[in-house]
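Computed from a predicted model, the values in this text were never measured in an experiment.
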Amino acid sequence: MLLIYITCVSGNLSIICLVRVEPSLHTPMYFFISTLAATEMMFVSCIIPNLLANLIAAKYRISFIGCFTQLFATDSLGTSVCYLLAVMAFDRNLAISSPLQYSSIMTQTLCIQLAVLPMIVGVVTLVIPFTFTAKLEFCGPNKVNHFFCDFAPLQSLACSDTFIAKVITSCGALVAVASPFITTVGFYIHIIVIISKLNSIESKQKAFSTCSSHLTVAGLFYITASTVYVVPKGSNYDRFLALIYTVFTPLLNPFIYTFRNKDVKRALIKSRRLKLF
C-alpha cells in the first residue's frame, strides 16, 4: 500500500510538472489532465496515510471530528473527480465535433472556470447528506466497518433512525455520480457517431486513441462509485469496490492518460535530451 501511494503521488506529480514546463502540452486537454492529477493526489492523500497508520502502526483509532473531516474531504474530492471526468469528455467532444472553432471556444478563462466548477459542485452536493449524517446520534458501536470514514459505514453505527439520512445520501449520490456518468456517456455516444462518419481510417484511429483511455478509466470509476453510493450496503463487497476507485484508479490514471500518449512521450524524451546537454 505504501508503494502504491508513492507511485500514485509521484506519477500524478510528474504529470503536473511535465504539463507545466513543456510548451507543447499547454492545451486544454492536458490542462484538465493535470487538474485531474492534482485532484486525485489530494483524494488518495485523504485516505491512504490513515490506512497506512492502521496497517503499519496498528493505529486503529480516529476521532469523531477527524472521521467526519475525512468523510467531507474524500467525498467532495470524489465528486469533483466525477464532474471533472465529464468536463474532460465535453472537451474531447468539442475538439472532435468542432475542430475549427475549438481554439476560440476553449479559452484559458473558460478552461479555468470548467476546472473550478467540479470543486464547487463537489462541496455543494455533499453539504446536505453530510449534515443529515452528522446530526445522527452516535451512542453505541464505534467500529467503522471500512478502511476510511464513509456514509454507509457511519450511518450503520447510529443509534437513531437513519432512513431519511440514507435516502438523502442515495439522492446525493445520483447527483454526484450518476449525473456526470450519464453526461459523459452522452458525450461519447456523440463522439462515436461523429467518428463513424469520418472517411479516413487514420482519422478514425487518431480520434479513438484520444478518447479510449479516458473512457476506460471513467467507466471504471463511475461504475464502482455508483455501486457503492447509489445503493450503499456497507458490505465487504463495497469495500473491495471502494478500493478500486479510491486507490487503484488514481494509480493507473498517470499511465493510462499520459504515458501511453505520443505527445507526452515526445515531451519526456525532449526533457531528457535537455538534461543531457
Student: Where do P250 and N12 come nearest, in terms of heavy atoms and distance?
Tutor: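 Nearest pair, atom of P250 first, then N12: O-ND2, 3.4 Å.
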Student: Would a 4.5 Å heavy-atom cut-off, applied to side chains only, mark R20 and S34 as touching?
Tutor: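 Of all side-chain heavy-atom pairs linking S34 with R20, none is under 4.5 Å.
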Student: How close do C111 and P28 get, counting heavy atoms only, and between which atoms?
Tutor: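 Result for this residue pair: SG-CB, 3.7 Å.
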Student: Please confirm whether the backbone N or O of N93 pairs with a side-chain atom of H190, one donor and one acceptor, at under 3.5 Å?
Tutor: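 Looks like no, no N/O pair under 3.5 Å.
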Student: Does the pair L85 and Y222 meet the rule for a side chain to side chain contact (heavy atoms under 4.5 Å, CB included), with working shown?
Tutor: CA-CA 9 Å; L85 290 170; Y222 282 133; 3.3 Å; yes
Student: In Å and rounded to the nearest 0.5 Å, what is the OH to CD1 distance from Y188 to I195?
Tutor: 9.0 Å
Student: What are the two closest non-hydrogen atoms of L71 and L126, and how far apart are they?
Tutor: O-CD2, 4.2 Å
Student: CZ of F31: more than 12 outside heavy atoms within 6.0 angstrom?
Tutor: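 Yes.
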Student: Does a side-chain heavy-atom distance below 4.5 Å link T133 with F68?
Tutor: yes
Student: Are L114 and M119 connected into the same hydrophobic cluster when the rule is that any two of I, L, V, M, F, W, Y join if their side-chain heavy atoms are below 4.5 Å apart?
Tutor: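 M119 does not cluster with L114.
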Student: Kindly write out the residues that satisfy ring-ring contact (aromatic ring centres under 6.0 Å, His included) with F72, not counting sequence neighbours, or none if the list is empty.
Tutor: F130
Student: Does CD1 belonging to I128 count more than 12 external heavy atoms closer than 6.0 Å?
Tutor: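 At most 12 heavy atoms, drawn from other residues, nucleotides or ligands, come within 6.0 Å of this atom.
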Student: Do you reckon I164 sits in the same ILVMFWY cluster as V167, going by side-chain contacts under 4.5 Å, direct or chained?
Tutor: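 Yes, I164 connects to V167 through the hydrophobic network.
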Student: Can you tell me how far the CG atom of N145 sits from the CG atom of L154, to the nearest 0.5 Å?
Tutor: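 Atom-to-atom, N145:CG and L154:CG are 11.0 Å apart.
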Student: With the 4.5 Å side-chain cut-off for hydrophobic clustering, are I112 and L25 part of the same group?
Tutor: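 Same cluster: I112 reaches L25 through Ile, Leu, Val, Met, Phe, Trp or Tyr contacts under 4.5 Å.
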Student: So, taking the atom named NE2 in H146 and the one named CD1 in I47, what distance separates them when rounded to the nearest 0.5 Å?
Tutor: 8.5 Å
Student: In sequence, state the C-alpha distance, the side-chain angles, and the governing distance for L51 and L55, and then conclude on side chain to side chain contact (heavy atoms under 4.5 Å, CB included).
Tutor: CA-CA 6 Å; L51 176 59; L55 295 173; 4.1 Å; yes
Student: According to ring-ring contact (aromatic ring centres under 6.0 Å, His included), who are the partners of F147, at least two apart in sequence or on a separate chain?
Tutor: none
Student: What I'd like to find out is whether the side chain of N142 reaches to under 4.5 Å of the side chain of L157, using heavy atoms alone.
Tutor: no
Student: Just by modelled atom types, is the G122 backbone N or O under 3.5 Å from a matching donor or acceptor in the T125 side chain?
Tutor: no
Student: So which heavy atom on L110 is nearest to which on M106, and how close?
Tutor: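 Smallest interatomic distance, heavy atoms only, reads CD2-SD, 3.9 Å.
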Student: With C46, which residues qualify under disulfide bond (SG atoms under 2.5 Å apart), at least two apart?
Tutor: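 For C46, no residue satisfies disulfide bond (SG atoms under 2.5 Å apart) once neighbours in sequence are set aside.
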Student: Would a 4.5 Å heavy-atom cut-off, applied to side chains only, mark I120 and Y83 as touching?
Tutor: no
Student: Could you go step by step and tell me if M88 and T184 meet the side chain to side chain contact (heavy atoms under 4.5 Å, CB included) rule?
Tutor: CA-CA 9 Å; M88 292 170 71; T184 302; over 6 Å; no
Student: Got a sec, which residues hit side-chain contact (heavy atoms from CB on, under 4.5 Å) with F248, two or more places apart in sequence or on another chain?
Tutor: I4, L243, L251
Student: Minimum heavy-atom separation for F43 to T74, with atom names?
Tutor: CE1-O, 3.2 Å
Student: A side-chain contact here means heavy atoms from C-beta on lying under 4.5 Å apart; do I105 and L94 qualify?
Tutor: yes
Student: Examine distances only and state if a side-chain atom of T79 and a backbone atom of A176 form a donor-acceptor pair shorter than 3.5 Å.
Tutor: no
Student: Given T109 and Q113, is the side chain to side chain contact (heavy atoms under 4.5 Å, CB included) satisfied, shown in steps?
Tutor: CA-CA 6 Å; T109 303; Q113 290 172 344; 3.8 Å; yes
Student: If we only count heavy atoms from C-beta on, is the F181 to C82 side-chain gap below 4.5 Å?
Tutor: no
Student: Give the cluster check for F32 versus M42: same hydrophobic cluster or not, with ILVMFWY residues linked at side-chain heavy-atom distances below 4.5 Å.
Tutor: yes
Student: Hey, quick one: are V123 and L117 part of the same hydrophobic cluster, counting side-chain heavy atoms closer than 4.5 Å, chains of contacts allowed?
Tutor: no
Student: Who pairs with C171 by disulfide bond (SG atoms under 2.5 Å apart), at least two apart in sequence or on another chain?
Tutor: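 Disulfide bond (SG atoms under 2.5 Å apart) check on C171 returns nothing, list empty.
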Student: Heavy-atom distance under 4.5 Å between the side chains of P153 and D150, does that happen here?
Tutor: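 Side-chain contact under 4.5 Å: yes.
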Student: Where do A165 and Q155 come nearest, in terms of heavy atoms and distance?
Tutor: O-NE2, 3.6 Å
Student: Just by distance, do the side chain of S179 and the backbone of L174 share a donor-acceptor pair under 3.5 Å?
Tutor: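 The answer is yes, because a donor-acceptor pair under 3.5 Å joins these two groups.
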Student: In Å and rounded to the nearest 0.5 Å, what is the OG to CD distance from S63 to Q70?
Tutor: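 That separation rounds to 10.0 Å.
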Student: Could you tell me the separation between the CG atom of L77 and the CE atom of M41, rounded to the nearest 0.5 Å?
Tutor: 11.5 Å
Student: Between atom CG of L2 and atom CD1 of I56, what is the distance when rounded to the nearest 0.5 Å?
Tutor: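 Between atom CG of L2 and atom CD1 of I56 there are 5.5 Å.
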Student: With sequence neighbours left out, what residues match C149 under disulfide bond (SG atoms under 2.5 Å apart)?
Tutor: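 If we apply the disulfide bond (SG atoms under 2.5 Å apart) test to C149, skipping adjacent residues, the hits are C67.
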Student: Please check: side-chain N/O of T35 versus main-chain N/O of A115, any donor-acceptor pairing under 3.5 Å?
Tutor: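 Not at all, since once roles are kept as given, no pair shorter than 3.5 Å links the two residues.
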Student: Give a yes or no on whether E137 atom CD has more than 12 heavy-atom contacts from other residues, nucleotides or ligands under 6.0 Å away.
Tutor: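 Open.
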Student: Could you tell me whether the side chains of D91 and Y102 share a donor-acceptor contact shorter than 3.5 Å?
Tutor: yes
Student: Taking side chain as C-beta onward, heavy atoms only, is F187 less than 4.5 Å from R92?
Tutor: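 They are not in contact (no side-chain heavy atoms under 4.5 Å apart), so the answer is no.
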